[in-house]
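Just below is one structure, and these are the notes that go with it.
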Amino acid sequence: MYQKVKGFRDIYGLEARYWNKVEKVFRQTFRTFNFEEFYLPVLEKTEVFNRGIGSTTDIVEKEMFAFDDRDGTSVSLRPEGTASLVRAYVENKLFSTPGISKYYYIGPMFRRERPQKGRFRQFTQAGIEVFGSGGPSIDADVIYLLYKLAENLGIKDYVSMEINSIGCPSCRPAYNEKLIEYFKANIDHLCGDCLRRLDKNPMRILDCKNESCKKITADAPKAVDYLCDECKDHFEGVKSYLDALSVPYKVNPMMVRGLDYYVRTAFEMITDKLGSQSAVGAGGRYDGLIQLLGGPDTAGIGFAVGIDRLVSLCMLNETEKENDLDVFIISFKDVSDKTALKLANEMRSQGISVDMDYDFRKMKKQFSLADRYGALFTVVIGEDEAAKNTAAVKDMQAGTQEEIETAKVTAYIIDKLRRN
RNA sequence: GUGGCUGUAGCUCAGUCGGUAGAGUACAGGAUUGUGAUUCCUGUUGUCGCGGGUUCGAUCCCCGUCAGCCACCCCA
């Protein structure tokens, strides 16, 4: 028997229904914020990610599905969406459209990590990107959108929002110096991983979960205390707009970003309900990225959310009904099979969901099928009814039954459904 | 990439101190020749994850491997 590739999965049944619901809520919510859908390729030249995400990040260094195409160019399954979308934005010269650009995408991403709870090698992210606005009000609105998604999915009690500012190229180097200085003074308390981070990316030490490191990081210099005037004003602006929108949030000075392109505002929507995978959505500002990928100097901000994780959270509620069917037609071979088939499609063209037993089994069997599908109504066409050109329509919840002329069944059902 | 646990029927799991397996559920048929639940009867299904070793004999012991789960790491 064949097995799926490690870390990849099949999604069906109840989970697929939730998946559907989440995507629907996402598209509707994005629509209300005037975001436009962007369909992106799943495969990009590897350099897009090397340049965009940062060649020393873990994602690029050891998690990409990268391989050489037949002509020798290195290509990669995308590990995230932002670099691709920025590439597309620049390549299609969309920066010349008037005003700011707001796009969203939903689709599979690929990272070759060891699978565990809430983490798969193919996972789906939905994300948004805003190009062309550098002010703090869009930051707050984007964070509000992320919050709104959780609210619209009915899971806002499961998540919380944290924000931070990680500075910009003009203030971060000085802050990094301070950090390195501080950690070097406490170097014997750092774990092996953090020793390596010390030179490469000292901010990441703040994120370490090692107990001994945590003790030191608690008193480490904080980025928010070393922001330049512009960054400080920006961060204060973001907070005041968030307050105006009544978004519940917490400033977490320990929050950092794993991707190189982020500046200033960083935010995360986290949960404690998914084991060790706490992030369900995260994002930030990346003002230099568009230029880095060959475009004009354009401000950018965005976020990505993990659909797989969100679906898990939604399933905690267990409110999704199994029932999806309006009508089940019970019919019999050589008695009412053709009538049933015609009636089913007559109702379907009116938008009613209809199913039937194509094997025309015994009535009792057909009723239990109708029951299993959660049908609201059954339409029985047996010998008696067929002879009279009628059908027995049964309300499955009430248990009541009425005999209706076959030609009038569709109208009767529509009327009944409307009343419910 | 590192570590721990797990892998038996479609699903949940039991079991054999080493002698090639069983329950519940699900499914199919019937009791019930026109009505959903329950009940009762009958029936079907397994390369006991895969490969190798030890043994007269392995689903059980040993090694390897693959997959899953959980954690580290990383991240959405």
Side-chain angles (χ1 to χ4, degrees), chain A residues 1-9 13 53 57-64 78-82 106-128 146 149 159 191-194 196-197 201 204 207-211 255-259 267-271 274-284 302-313 328 330-332 335-336 359 361-386 392-401 403:
Chain A
M1 204 188 358
Y2 293 110
Q3 284 180 315
K4 54 182 120 37
V5 176
K6 185 195 190 94
F8 288 68
R9 62 203 191 112
I53 302 171
T57 56
D58 281 5
I59 291 179
V60 170
E61 243 175 16
K62 46 195 186 198
E63 294 173 3
M64 283 208 295
R78 60 179 180 187
E80 57 109 50
T82 301
I106 301 178
M109 307 294 164
F110 306 84
R111 291 182 201 172
R112 230 195 91 95
E113 303 177 273
R114 187 88 170 252
Q116 80 187 63
K117 192 184 185 77
R119 192 169 83 180
F120 313 99
R121 288 184 174 186
Q122 178 183 331
F123 58 102
T124 299
Q125 281 190 342
I128 60 112
L146 180 56
L149 289 170
V159 298
C191 69
D193 286 326
C194 287
R196 245 174 293 122
R197 289 173 183 138
N201 193 349
R204 294 286 308 286
D207 210 27
C208 187
K209 284 159 200 138
N210 184 296
E211 282 308 318
M255 182 170 56
V256 300
R257 297 279 73 166
L259 283 57
F267 53 96
E268 265 176 28
M269 192 163 73
I270 57 176
T271 182
L274 291 178
S276 70
Q277 310 304 315
S278 58
V280 295
F303 65 68
V305 302
I307 302 279
D308 308 65
R309 291 180 186 177
L310 236 26
V311 167
S312 301
L313 286 182
F328 190 93
I330 294 176
S331 58
F332 303 93
V335 173
S336 51
D359 294 324
R361 280 170 285 196
K362 288 191 187 177
M363 172 134 32
K364 191 183 169 84
K365 279 289 160 217
Q366 296 200 41
F367 261 102
S368 34
L369 264 183
D371 199 40
R372 196 184 315 153
Y373 290 146
L376 296 172
F377 295 92
T378 50
V379 173
V380 183
I381 312 172
E383 280 183 16
D384 300 350
E385 290 85 357
V393 180
K394 182 169 180 179
D395 181 327
M396 293 296 274
Q397 274 145 10
T400 54
Q401 191 167 310
E403 196 167 339

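What's counted below: heavy atoms across the whole structure, side chains too, no hydrogens, waters or symmetry copies. Letters A, B, ... mirror the listed sequences (proteins, then strands); counts begin at 1.
Paired regions of RNA chain B, where each region holds three or more successive Watson-Crick or G-U pairs whose two hydrogen-bonding distances fall under 3.5 Å, are B:1-7 with B:66-72, B:10-13 with B:22-25, B:27-31 with B:39-43, B:49-53 with B:61-65.
Residue contacts shown for A/Gln3 are limited to sugar-phosphate atoms, with no base heavy atom under 4.0 Å away. No contact: A/Arg257 has no heavy atom under 4.0 Å from any strand. Residue contacts shown for A/Gly7 are limited to sugar-phosphate atoms, with no base heavy atom under 4.0 Å away. Residue contacts for A/Arg204: at a heavy-atom cut-off of 4.0 Å it reaches the sugar-phosphate backbone alone, with no base atom in range. Across all strands shown, A/Gly283 has no heavy atoms under 4.0 Å from either base or sugar-phosphate atoms.
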Checklist outcome for this item: Letter by letter from the 5' end, nucleotides 24-42 of chain B scores (B base, S sugar-phosphate only, - none; protein heavy atoms under 4.0 Å) ---SSSSS--BBBS-----
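Remark on RNA chain B: of its neighbouring residues A/Lys62 and A/Lys6, the 5'-side contact belongs to A/Lys6, judged by nearest-heavy-atom nucleotide.
At a cut-off of 3.5 angstrom, counting only N and O atoms as typed in the model, there is no donor on one side facing an acceptor on the other between the side-chain of A/Arg114 and the base of B/C70. Between the side chain of A/Arg9 and the base of B/G68 there is no donor-acceptor pair of N/O atoms closer than 3.5 Å.
Classification of the A/Phe267-A/Phe303 ring pair by plane angle, with boundaries at 30° and 60°, yields perpendicular.
A side-chain donor-acceptor contact under 3.5 Å links A/Arg309 to the backbone of A/Ala279.
The side chain of A/Lys117 contributes no N or O atom lying less than 4.0 Å from OP1 or OP2 of B/C69.
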